[in-house]
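Every value quoted in this text rests on a predicted model; they were computed, and no experiment measured them.
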Number of protein chains: 2
Amino acid sequence: MPDPHASAFERHDHAGCRHDVLAAVEREARERGLRLTPVRRRTLEILLEEHRAMGAYDVLERLAKDGFGAQPPVAYRALDFLVDHGFAHRIRRLNAFAACMHPDHSHAPVFLICTGCNAVAEAPGEQVREALDATARSLGFAVERSNIEAVGLCPTCAPE
Amino acid sequence: MPDPHASAFERHDHAGCRHDVLAAVEREARERGLRLTPVRRRTLEILLEEHRAMGAYDVLERLAKDGFGAQPPVAYRALDFLVDHGFAHRIRRLNAFAACMHPDHSHAPVFLICTGCNAVAEAPGEQVREALDATARSLGFAVERSNIEAVGLCPTCAPE
DNA sequence: TCCGTTCGTGTTATACTATTACATATCATT
DNA sequence: AATGATATGTAATAGTATAACACGAACGGA
Ligand SMILES: [Zn+2]
Ligand SMILES: [Zn+2]
Ligand SMILES: [Zn+2]
Ligand SMILES: [Zn+2]
């Protein structure tokens, strides 16, 4: 059983991680009455296979190869579905999408983007969001959603 | 003299705020040996006049009216210059740019975007970035740059 | 089961955002 | 004045995202 807390920066059993996440999403979708249709499921699989942030057009290309529609809305709609329900995340800095690694519980992570290897890891966002909320509150601003993304070097790519 | 700490959400002497920021940028540019050329200066003025986040093409349209080049690189280059030197910020969530309100000292603010009135305020980012750094460090990740943006309601637009 | 509604998919077309490549002009130095 | 570095302008193109509409499958009530 793979470590459910392994970050993208650590070596991990990737096949297992893929399988587990997909299973969790299927369970969640069933419980929440969401329709994980073939395109949507395949879109998630593609994100999981790559295990990195992908642009909508990269995803679209793969979907088209698999016999789904070849026009942008096909990919965008599936990706929007996944993002809306917490099964994927959108990384604005990269104009890209990545499968959520913890789809079983609602969360709002921060993203760490390595400029060395292009890996994108989800890190726990609670502390950061607490600080952000406090800062916003002091200006009378009520935060609804936020995106927090950092660019830098992961442990593997960092100089010794 | 306008309050230099007034946020975009508070009533403030906007003409004064514009003037002060522009003066500060001129001083900074002189001291740092940067060339605040006519396009660059006009681009900053446009951002300051609107006092909101603007898309590159909105800026370009205004520049063209003022007799500058009408092709995208004209706007993007001027905006990149301003961003690179801390005289403007890029808000990724909006694919937009906003003049920096505190160009005299290097800083990395968080952005608060009101969905009611489209105002964008810079809030102090130290606390939040500290939390982000700590979170990243615990994964062995070294943050170089980050963008932290929140969407929500400003005090004026919030329900009573 | 039939009907009407909602939801999902596919397609065409278009809008919006950003960069590459190259020619010309300006500036700073020598 | 000659040089090299910087800045501007233009044309062309690449990359990202949405609007609008037709069709059909899924769902729910009569
Ligand atoms: Zn996640
Ligand atoms: Zn790396
Ligand atoms: Zn600023
Ligand atoms: Zn507002």
Provide, to the nearest angstrom, the distance between the [atom1] atom belonging to [X] and the [atom2] atom belonging to [N].
X	N	atom1	atom2	value
B:Q71	D:dG9	CD	C1'	8 Å
A:L60	D:dG15	CG	P	14 Å
B:L36	C:dC27	CG	P	14 Å
B:L34	C:dA28	CG	C1'	15 Å
A:L94	D:dA17	CG	P	11 Å
A:R92	D:dT16	CZ	P	14 Å
B:D66	D:dG9	CG	P	12 Å
A:D80	D:dT16	CG	P	15 Å

Can you give the donor-acceptor pairs under 3.5 Å from side chains of residues 147-154 of chain A to other protein atoms, not counting sequence neighbours?
{"unit_1": "A:N147", "atom_1": "OD1", "unit_2": "B:R93", "atom_2": "NH1", "d": "3.1"}
{"unit_1": "A:N147", "atom_1": "ND2", "unit_2": "B:E149", "atom_2": "OE1", "d": "3.4"}
{"unit_1": "A:E149", "atom_1": "OE1", "unit_2": "A:R93", "atom_2": "N", "d": "2.9"}
{"unit_1": "A:E149", "atom_1": "OE1", "unit_2": "B:N147", "atom_2": "ND2", "d": "3.4"}
{"unit_1": "A:E149", "atom_1": "OE2", "unit_2": "A:R92", "atom_2": "N", "d": "2.8"}

Would you tabulate the side-chain donor-acceptor contacts of residues 28-37 of chain B under 3.5 Å, counting partners in other chains and residues two or more places apart, or write 'none'?
{"unit_1": "B:E28", "atom_1": "OE1", "unit_2": "B:R32", "atom_2": "NH1", "d": "2.9"}
{"unit_1": "B:R32", "atom_1": "NH2", "unit_2": "B:H85", "atom_2": "O", "d": "3.0"}

- Query: Taking only residues at least two apart or on different chains, which pairs with a member in residues 70-90 of chain A satisfy salt bridge (Lys or Arg N to Asp or Glu O under 4.0 Å)?
  - Reply: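 As it turns out, there is no salt bridge (Lys or Arg N to Asp or Glu O under 4.0 Å) pair with a partner in residues 70-90 of chain A once direct neighbours are skipped.
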- Item | Of all pairs that satisfy salt bridge (Lys or Arg N to Asp or Glu O under 4.0 Å), the ones with a partner from residues 45-65 of chain A, not counting sequence neighbours |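 Counting only pairs at least two positions apart or across chains, the salt bridge (Lys or Arg N to Asp or Glu O under 4.0 Å) contacts touching residues 45-65 of chain A are A:R41-A:E45, A:R42-A:E45, A:R42-A:E49, A:E49-A:R62, A:E50-A:R52, A:E50-A:R62.
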- Task: Can you check whether any acceptor in the base of D:dA17 is under 3.5 Å from a donor in the side chain of A:Y57, or vice versa?
- Result: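 Per atom types, the contact qualifies.
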Acceptor/donor pairs from residues 123-132 of chain B side chains to any protein atom, 3.5 angstrom cut, sequence neighbours excluded:
{"unit_1": "B:R129", "atom_1": "NE", "unit_2": "B:A108", "atom_2": "O", "d": "2.6"}
{"unit_1": "B:R129", "atom_1": "NH1", "unit_2": "B:S146", "atom_2": "O", "d": "3.3"}
{"unit_1": "B:R129", "atom_1": "NH1", "unit_2": "B:S146", "atom_2": "OG", "d": "2.6"}
{"unit_1": "B:R129", "atom_1": "NH2", "unit_2": "B:A108", "atom_2": "O", "d": "3.1"}
{"unit_1": "B:R129", "atom_1": "NH2", "unit_2": "B:P109", "atom_2": "O", "d": "2.6"}

- Is there a stack between A:Y76 and D:dT18, judged by ring centres under 5.5 Å and planes under 30°?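 Here the ring of A:Y76 and the base of D:dT18 are not stacked, as the 5.5 Å and 30° limits are not both satisfied.
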- Message: At a heavy-atom distance below 4.0 Å, what parts of residues 83-91 of chain A sit against DNA chain D?
- Response: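 Heavy-atom contacts with DNA chain D come from A:R90.
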Please tabulate the protein-to-nucleotide N/O contacts below 3.5 Å involving nucleotides 5-9 of chain C, giving atom names and distances.
{"unit_1": "C:dG8", "atom_1": "OP1", "unit_2": "A:R40", "atom_2": "NH1", "d": "3.3"}
{"unit_1": "C:dG8", "atom_1": "OP1", "unit_2": "A:R40", "atom_2": "NH2", "d": "3.4"}
{"unit_1": "C:dG8", "atom_1": "O5'", "unit_2": "A:R40", "atom_2": "NH2", "d": "3.4"}
{"unit_1": "C:dT9", "atom_1": "OP1", "unit_2": "A:T37", "atom_2": "OG1", "d": "2.5"}

- Message: Test of understanding: with side-chain contact (heavy atoms from CB on, under 4.5 Å), list the residues that count as partners of B:P38, not counting sequence neighbours.
- Response: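 side-chain contact (heavy atoms from CB on, under 4.5 Å) list for B:P38, sorted by chain: B:F68.
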- Taking only residues two or more places apart in sequence, or in another chain, which ones meet A:A88 in a side-chain contact (heavy atoms from CB on, under 4.5 Å)?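 In terms of side-chain contact (heavy atoms from CB on, under 4.5 Å), with neighbours along the sequence ignored, A:A88 is linked to A:L47, A:L82, A:V83.
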- Task: Not counting sequence neighbours, which residues clear side-chain hydrogen bond (donor to acceptor under 3.5 Å, both in side chains) with A:R40? List them please.
- Result: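 So A:R40 forms no side-chain hydrogen bond (donor to acceptor under 3.5 Å, both in side chains) with any residue.
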- Task: Compare side-chain N and O positions of B:N95 against OP1 and OP2 of C:dA18 and report whether any pair is under 4.0 Å apart.
- Result: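 Yes, within the criterion.
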- State which residues pass ring-ring contact (aromatic ring centres under 6.0 Å, His included) with A:F97; sequence neighbours excluded, sorted by chain then number.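 Here no residue qualifies.
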- Between the axis at one end of the helix from C:dT1-D:dA30 to C:dT30-D:dA1 and the axis at the other (five pairs apiece), what's the angle to 10 degrees?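 Between the first-five-pair axis and the last-five-pair axis there is 30°.
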